[in-house]
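Please read the structure below before turning to the comments.
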There are 2 protein chains.
Amino acid sequence: MGASTTEPQSAARNSRPVATIADVAAQAGVSVATVSRTLSANYPVAESTKSRVLDAVEKLGYVANAHARALAGATTRTVGIVIADVADPFFGYVARGVERQASSENRLCLIMATEADRDRELAIVDLMREQRADAVILVGGASDHAGYRKKMAARAKALAENGSVLVLCGRPSLGEEVPTVSVNYDNSGGAFAVTDYLISQGHRKILYLGGPANLSTTAARFEGFNRALQARGIAPDPELVHLGEFGRPFGYQRMREILASKTEFTAVFGANDLVAVGAMEAIAEAGLRVPEDISVVGYDNIPVSREVRPRLTTVNVPLEDLGREAVKAALGRFEYGSESANSTLGTHVVIRDSVRAI
Amino acid sequence: MGASTTEPQSAARNSRPVATIADVAAQAGVSVATVSRTLSANYPVAESTKSRVLDAVEKLGYVANAHARALAGATTRTVGIVIADVADPFFGYVARGVERQASSENRLCLIMATEADRDRELAIVDLMREQRADAVILVGGASDHAGYRKKMAARAKALAENGSVLVLCGRPSLGEEVPTVSVNYDNSGGAFAVTDYLISQGHRKILYLGGPANLSTTAARFEGFNRALQARGIAPDPELVHLGEFGRPFGYQRMREILASKTEFTAVFGANDLVAVGAMEAIAEAGLRVPEDISVVGYDNIPVSREVRPRLTTVNVPLEDLGREAVKAALGRFEYGSESANSTLGTHVVIRDSVRAI
DNA sequence: CTGAAAGCGCTTACAG
DNA sequence: CTGAAAGCGCTTACAG
C-alpha cells in the first residue's frame with residue numbers, strides 16, 4: 001500500500017510484468033523476428049517453430065503492443081468516428097453501422113462526441129490524427145462557418161497525406177480540391193417527398209419546426225421543403241418557419257408557444273423525429289388531436305417514431321447503412337473524387353398514422 | 001492514378017509528408033527534446049523558445065504520433081468501453097457517461113460492441129489490451145459461464161499488471177482475488193421495489209417477462225422480484241416466469257403467446273423497458289387496456305418509457321452516472337479492494353401511468 | 001525457414 | 001533552460 005502510493009505513476013505504468021515479444025522469443029527459444037512473423041502470419045514459418053511460439057504466447061498471456069506495432073509501420077487498424085452525442089439514436093445507429101463494419105474488417109473504433117461544438121469537433125479530429133486512425137468519419141450535419149470549413153479542410157489534407165482519410169457522412173463536401181470521401185443520404189429529397197405527401201393530402205399551411213440554423217442538415221431539409229412548396233405553387237410563409245434545435249424539448253416548447261399564438265396551420269414538418277414527437281405532446285396537451293386537428297411528420301425514422309401514438313409518418317434514413325458504407329468507402333481502394341468514393345443513399349417516406357387528408 | 005494503384009499499401013501509409021517532432025525541431029531550430037518539453041508542458045522552457053516551437057507546430061500542422069508517445073512511456077490517454085450494442089439506449093447512455101467523463105479527463109474512447117457474444121467480448125478485451133488502454137470498462141450483464149469467468153479473470157490480472165484496470169460496470173465481481181474495480185447499480189433492489197409496488201396495488205399474479213437466462217442482470221432482477229414476492233408471502237409460480245431476451249420483439253411475441261394461452265395474471269414485470277413496451281403493444285392488439293385490464297412495469301427508465309402511452313412505470317437506473325463513475329473509479333488513485341474502488345449507485349421506482357390498483 | 005539489426009517517433013534521465 | 005542519447009516494442013528489408 002505504502003509502496004504503491006509513493007511510486008510515481010509512470011513507474012506503475014511501466015512495471016515490467018507485461019510480456020514483450022522478446023519474452024516470448026526467449027520462452028520459445030527463437031528470435032523476435034520469428035515471433036513477429038508467426039504472429040503476423042505473413043511469412044512462412046515452420047510448423048514446429050510456430051507451435052512453440054504459440055505455446056509461449058499462451059503461457060505468457062502475451063498480446064502485442066499495438067503502439068509498437070503501429071510505430072514500426074503496420075497500420076493501426078483503427079477507425080475514428082465523431083458524432084454529436086452517443087446517446088442520440090440518430091448517431092447511435094450510424095455508430096452501430098460503423099462499429100459493425102469496422103469490426104468485420106478487424107478494426108477497433110475510436111469514438112468521441114462533439115456535443116455539437118465546432119471547436120470540439122476540430123480538436124477531436126486532431127486527437128484521432130494523433131492516434132493515426134486509418135480513417136476519421138464525421139457524422140451528421142456540419143456547421144457552415146467559413147473559418148471552420150477552412151480548418152477542417154486543412155485536416156482533411158493532413159490526413160490524406162498521412163495515408164488516412166476524412167470521411168464526410170451525411171454532410172456536404174468541403175470543396176472540390178479537398179481530399180475526402182463522402183457517404184451521404186438524400187436529405188433534401190426526403191424532405192421534398194414528405195412535404196409533397198403533406199400537400200397531396202390537402203395541406204397548404206405547413207409549419208417548419210426545428211433544427212439549428214447554420215447546420216447543413218437544416219439547410220438541406222429546409223431546401224427540400226421549400227422546393228416541394230414551390231413545385232405545387234404554394235408561396236413560402238416566413239411566419240411558418242421556426243428553426244431552433246433538434247431535441248424533443250425544443251419541439252414541445254416551441255409548439256406550445258405557437259399554439260398559444262394562434263398561428264394558422266394544418267400540418268407540421270418536424271425537422272427530425274424528436275422535434276415532431278415533442279410537438280405532438282404539446283398538441284395533445286393543448287387538447288388537440290393528431291391527425292384529426294393537426295397532421296405531423298418527422299424525419300429520420302428512429303424507433304420513437306413507431307412507439308408514439310399515433311405512429312409518426314416520417315422519412316426513413318438508412319442510418320446503419322450509412323455507417324457501414326462510410327467505413328467501406330474509407331477502407332476500400334479508391335481514388336479521391338472517383339465515383340466509388342462518393343455515394344448517396346436513398347431516403348423514402350414511411351407513411352403511418354399522423355397525417356390526415358383535409 | 002496508375003502510380004497510386006501500383007504502390008503497395010504500406011508505402012502509401014508511410015508516405016513521408018507527415019511532420020515529425022524532428023521536423024518541428026529543425027523548423028524551430030531547437031532539439032527534439034525541447035519540442036517534446038514544450039508540447040508536454042511538463043518542464044520549464046523559455047518563453048521565446050516556446051513560441052518558436054509553437055509557430056513551427058502550427059506551420060507544419062504537426063500533431064504528435066500517439067503511438068510513439070505511448071511507446072516512449074507516456075500513458076495512452078485512452079479508455080476502452082465494451083458494450084453489447086451501440087444503438088441500444090441502455091448502453092448508449094452509459095457510453096455517453098463514459099465518453100463525457102473520459103473527454104473531461106482528456107482521454108479518447110475506444111468502443112466495441114460484443115453483440116452479446118461471450119467470445120467476442122473476450123476478444124475485444126484483448127484488442128484493448130493491445131491498445132494499452134488505461135482502463136477497460138465492461139458494461140452490463142455478464143455471462144455466468146464458468147470458463148468465461150476464468151478467462152476474464154486472467155485478463156483482469158494481465159491488465160492490472162500492466163498498470164491498467166478492468167472495470168465491471170453493472171455486473172458482478174469476478175472473485176475476491178481478481179483485481180478489478182466495480183461500479184454497480186442496485187439491480188436487485190430496484191426489482192424488489194417495483195415488485196413490491198405492484199403488490200401494494202393489489203397484484204398477486206405477476207408475470208415475469210424477458211431477459212436471457214444465464215445473464216447476471218437477469219439473475220439480479222429476478223432475485224429482487226422473488227424476494228418481494230416472498231416478503232409478502234406470495235408463492236412464486238413457475239408458470240408465470242418467462243425468461244428469454246431483452247428486446248422489444250421478444251416482449252411483443254411472447255406476450256401474444258401468453259395472452260393466447262389464457263394464463264392468469266394481472267400484471268407484468270418487464271425485465272427491461274423494451275420488453276415492457278413490446279408487451280404493451282401485444283396487450284393493446286389483443287383489445288386489452290393498460291392499466292385497466294393489465295398493469296405493466298419496466299426497468300431502466302430509458303426515454304421510450306416516457307414516450308409510450310400509457311407512460312410506463314419503471315425503475316430508474318442512473319445510466320449516464322454509471323458511465324462517469326466507471327471512468328472516475330478507473331482513473332482515480334485507489335487500492336484494489338478498497339471502498340472507493342467499488343461503489344453501487346441507487347435505483348428507484350418511477351411511478352407513471354401503467355399500473356392500476358385492483 | 002531463421003536471425004541480426006536498423007528504424008519507426010517519441011520521452012526522459014543524464015549532463016551541462 | 002537546453003541538448004545528446006538511450007530506450008520503448010515492434011516490423012521488415014537484408015543476409016544467410
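A note on names: the letters A, B, ... follow the listed sequences, proteins ahead of strands, and every chain is numbered from 1. If you're wondering where the values come from, they're calculated on a predicted model, not measured in any experiment. All values below were derived from every heavy atom in this structure, side-chain atoms included, with hydrogens, water molecules and symmetry-related copies excluded.
Checking C:dC1, D:dG7, D:dT2 against the side-chain heavy atoms of B:A72 singles out D:dG7 as nearest. Here the side chain of A:I21 is nearest to one of C:dT11, C:dC14, D:dT11, namely D:dT11. The listed nucleotides are C:dT11, C:dA5, D:dG3; the one nearest the side chain of B:S40 is C:dT11. Side-chain atoms of B:A33 lie closest to D:dA4 of the nucleotides D:dA4, D:dC10, C:dT2. Distances from the side chain of A:P44 to the nucleotides C:dC1, D:dC10, C:dC10 place C:dC1 closest. The side chain of B:V45 sits closest to D:dT2 out of D:dG9, C:dA4, D:dT2.
Between B:T49 and D:dC1, a side-chain N or O to OP1/OP2 separation shorter than 4.0 Å is absent. Distances shown here put a side-chain N or O of A:S36 below 4.0 Å from the OP1 or OP2 atom of D:dT11. At least one side-chain nitrogen or oxygen of A:Y62 sits closer than 4.0 Å to the OP1 or OP2 atom of D:dC10. Contact check, A:T20 against D:dC8: no side-chain N or O comes under 4.0 Å of OP1 or OP2.
Considering only heavy atoms from C-beta on, B:E130 stays 4.5 Å or farther from A:H67 through its side chain. Between B:Q101 and B:R107, the closest side-chain pair of non-hydrogen atoms is not below 4.5 Å. Looking at heavy atoms from C-beta onward, A:Y62 lies out of side-chain contact with A:Q27 at the 4.5 angstrom threshold. In this structure, the side chains of B:L122 and B:V125 stay at 4.5 Å or more apart for every pair of heavy atoms.
If you check every strand for non-hydrogen atoms under 4.0 Å, A:T34 touches sugar and phosphate atoms only. Backbone-only engagement by A:A46 is indicated by non-hydrogen atom pairs under 4.0 Å involving sugar-phosphate atoms exclusively.
When each of A:V30 and B:V35 is assigned the nucleotide of DNA chain C with its nearest heavy atom, A:V30 is the one assigned upstream, toward the 5' end. The nearest heavy atom of DNA chain C to B:A68 and to B:R37 marks one nucleotide each, and the one closer to the 5' end goes with B:A68.
To the nearest angstrom, C1' of C:dC1 lies 11 Å from NZ of A:K50. For the pair B:R77 CZ and C:dT11 P, the computed distance is 12 Å after rounding to whole Å. Protein atom OH of A:Y43 is 13 Å distant from nucleotide atom P of D:dA15, rounded to whole Å. D:dC8 atom P lies 11 Å from atom CG of A:D23, rounded to whole Å. Protein atom CZ of B:R52 is 14 Å distant from nucleotide atom P of D:dC1, rounded to whole Å. Atom CG of A:L39 and atom P of D:dC10 are 9 Å apart (whole Å). Between the CG atom of A:L71 and the P atom of C:dG9 there is a distance of 7 Å, given to the nearest Å. The distance from atom CG of B:N65 to atom C1' of C:dC10 is 8 Å, rounded to the nearest whole Å.
Between B:N342 and B:T180, the shortest heavy-atom contact is OD1-O, 4.4 Å.
Across the C1' atoms, D:dG16 and D:dT12 are found 16 Å apart, a figure rounded to whole Å.
Across the strands present, D:dT2 finds its partner in C:dA15; the criterion is a Watson-Crick or G-U wobble pair with both atom distances under 3.5 angstrom.
Here CG of B:L108 is found 10.5 Å from CZ of B:R77. Values are rounded to the nearest 0.5 Å.
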